[in-house]
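Chain identifiers are assigned alphabetically (A, B, ...) following the order of the sequence lines, protein sequences preceding nucleic acid strands; residue numbering begins at 1 within each chain. Computed over heavy atoms, backbone and side chain alike; hydrogens, waters and symmetry mates excluded.
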2 protein chains.
Amino acid sequence: MTSTSRPRVTIADVAREAQTSTASVSYALNGRPGVSLDTRARVLAVAARLGWSPASAARSLAGAGSGTIGLVLARDPRDLAVEPFYMQFIAGVEATLAPRSMGLLLEVAPTAVAEVEAIRRWHMSRRVDGVLLTDVIADDPRVELVKEIGAPAVVVGDPSEAAGLTSLWTDDAAATQQAVEHLVSLGHRRITRFAAPGRYAYTVIRDAAFESASQAVGIEHDIVRTDLSLDSGADAARTVLSVSRPPSGLLFDNDVMAVAALTAAHDLGLSVPGDVSIVAWDDSLLCQLVTPSLTALGHDVLALGAHAARRLLDVIDGVEPAAFQDATPTLRVRASTGPAPVET
Amino acid sequence: MTSTSRPRVTIADVAREAQTSTASVSYALNGRPGVSLDTRARVLAVAARLGWSPASAARSLAGAGSGTIGLVLARDPRDLAVEPFYMQFIAGVEATLAPRSMGLLLEVAPTAVAEVEAIRRWHMSRRVDGVLLTDVIADDPRVELVKEIGAPAVVVGDPSEAAGLTSLWTDDAAATQQAVEHLVSLGHRRITRFAAPGRYAYTVIRDAAFESASQAVGIEHDIVRTDLSLDSGADAARTVLSVSRPPSGLLFDNDVMAVAALTAAHDLGLSVPGDVSIVAWDDSLLCQLVTPSLTALGHDVLALGAHAARRLLDVIDGVEPAAFQDATPTLRVRASTGPAPVET
DNA sequence: GCCACGAACTTAAGCGCTTAAGCTTACGGG
DNA sequence: CCCGTAAGCTTAAGCGCTTAAGTTCGTGGC
């Protein structure tokens, strides 16, 4: 007994029931002037009674926006499960969107080409009013695309990569400095940074901040390149810790590698933080649950997402592009960092 | 020098350039008969050259679907970061959708009411062609809504809660039995299950399977109710392990609680798996990274999402409702389970 | 050589909104 | 008492597609 498709209720139905024209219904619903209080109330009551929502297709065809913003996740699907970042970010974006009855259109694009295509298609077919760009790389093709086609966009990343688009950045340099100073204050004189691939804008920024913070206090420092994966972190940590005079402070560009290093240190018979101290970027539940718990640089990703969405809505409304700064990540000190071992 | 909004290219532009009518362009684009090979090729070439994508609003107004399916995540935003499930599931859904150029509309609804409203609004305004329902509970209001308004939907959960809608289920009973048998084969004779709230359909199913599997082999067994949170798991584990003759096998309904139990056991001076063996549901990176790594019941969530989306597209295409079974979770044995301690 | 037929193509009628423009009506100032 | 004005409301013209219905034309059967 499938309930056969009930008749669609349209603006005309509401107009008829409320004894007025469709134009008045439209004006009333959108809170525009030109309708008496009486009529407005009557329209809203009828609309509620009939459970009418304007067909978004008709609305956007007629000139209103689509009421949707787009987000493309350019990561391998398998990696997404590992990264709590996106889910948090999405939740934040939604927190801004939901009260305005706007929607979030998602696409998981396996390749950069697919990602650019998705954005182009979305914009050309007017499915979205604007897009959010994360994980921006140097000379990002997406940035060029949105500039070319004139799609409203917000770059979540450093302004240097945003090519004049509105951007939202966090001060990774300051955060990096914090982490270095934390280790130095514990007496560490030899530290190594395990960095993300150089194509990410933030890598370059963190690298530079790491260099200058280390030089400022005159300690030995080194940077090892990784690909952020578990294995890459474990391998790099093992290599670095196996030399004759290994560093006593390790700084990782994400949480997964830091956890891998924990295991690597354990396997090499080194104690954390007795022999080696470990700091992670991207604080997460993982950092809290491992033993010892990890000292980490973290920030409120939920707030970041909400902030990014707000800026995008501004851009859609025609606000001029600008660079905005979000809160600086803070160091959450836990059990994985401690006084440097005494030099033998 | 903002490039002023370039002229929108429409089907009429393509028709003019290709020296044909808009109808032919439409037929050509949608691969319908009634167009010669020659014309079809010409149209597609022009469309490509002009970079034209049909306006989705116009298309869906004219009767085609919206080319979008909806997914509402009914969890507290803070919890979402903890649950790798959703991100994986979404990635799987996308794997099905992307090749068909379909979109995924997301909403994070903090409350059940907001969730039902979101679905109703989506369907009424025809923003989505169908919806995916996860985390289904007994007498779920969403299931009732979807039946009432006749929205195409797929329930990811047990058919018993799907009220005749198409559903996609995994055999949690068989998986539970596997876990119990694994512990029994290691000599455990007293096991406790730390269960999710009873409102979830799967809880009831797992409870029953746990009971019958335990009774079948005649071992002592007990079920403790939790709320799946870290704290709730830690508290429950502490309580259960503090009695005079504690169970030697613990089975948790998610990974987070199992990790919490690891810490609780450690704090009580119990070794894992020497004194107590631990098994988790929801295998994740977390299970692999903690020490000792956790034996867990896991399944391919990416595949589940892809499967669910496929079924939903079928339902949208008018295929009759049915219950489909996805792969049964498998037990991934790691370091947290071992031979039962010798009874003193 | 004529006609019926089907393939290829075009015309035009919506789909359900928004909004500019036109129309009423009531009202107050000159 | 007349008219300009403005508030309230309606009419109707799109927005860019899809598709039923109509038109044209080449082809083959008789």
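Phosphate proximity of dC17(C) to Ser26(A): absent, as no side-chain N or O sits under 4.0 Å from OP1 or OP2. Residue Arg59(B) places none of its side-chain N or O atoms closer than 4.0 Å to OP1 or OP2 of dG16(D). Between dC15(C) and Ser60(B), no contact under 4.0 Å exists linking OP1 or OP2 to a side-chain N or O. Listed pair Thr10(B) / dG16(D) fails the phosphate criterion, with no side-chain N or O lying under 4.0 Å from OP1 or OP2. Here Arg8(B) does not reach the OP1 or OP2 of dG16(D): none of its side-chain N or O atoms lies under 4.0 Å away.
Using a distance-only test at 3.5 Å, with no hydrogens or angles considered, a donor-acceptor pair links the side chain of Arg142(A) to the main chain of Thr134(A).
If you measure from atom CG of Asn30(A) to atom P of dT19(C), you get 7 Å, rounded to the nearest angstrom. Between the CD1 atom of Ile11(A) and the P atom of dC17(C) there is a distance of 5 Å, given to the nearest Å. The CZ atom of Arg127(A) sits 14 Å away from the P atom of dC17(D) (whole-angstrom rounding). Atom OH of Tyr27(A) is separated from atom P of dA7(D) by 14 Å (rounded to the nearest Å). Per the geometry, CG belonging to Leu29(B) stands 9 Å off P belonging to dC17(D), to the nearest Å. One atom, CZ of Arg32(B), and another, C1' of dA8(C), lie 16 Å apart when rounded to the nearest Å. Between the P atom of dG16(C) and the CG atom of Asp13(A) lies a distance of 9 Å, rounded to the nearest Å. Look at CG on Leu37(B): it is 15 Å from C1' on dC9(C), rounded to the nearest Å.
Between Arg120(A) and Glu117(A) a salt bridge is recorded (basic side-chain N to carboxylate O distance below 4.0 Å).
Looking at which nucleotide of DNA chain C each of Ser36(B) and Arg126(B) is closest to, the 5′-most match is held by Ser36(B). In terms of position along DNA chain C, the nucleotide closest to Thr20(B) lies nearer the 5' end than the nucleotide closest to the other residue of the pair Leu61(B) and Thr20(B).
Within the 4.0 angstrom heavy-atom criterion, only backbone atoms of the sugar-phosphate kind lie near Thr39(B); the bases stay farther away. In this structure, Ala64(A) reaches neither bases nor backbone, as no heavy-atom distance under 4.0 Å exists between it and the strands shown. Using a 4.0 Å heavy-atom distance criterion, Gly34(B) is classed as a base contact.
Arg59(A) and Ser125(B) form no side-chain donor-acceptor contact under 3.5 Å, judged by distance and modelled atom types alone. Counting only N and O atoms by type, the side chains of Arg127(A) and Thr68(B) include a donor and acceptor under 3.5 Å apart. For the 3.5 Å distance criterion, the side chains of Ser36(A) and Asp38(A) fail to qualify, holding no donor opposite an acceptor.
Among the nucleotides dG16(C), dA12(C), dT18(C), the one closest to the side chain of Thr22(A) is dT18(C).
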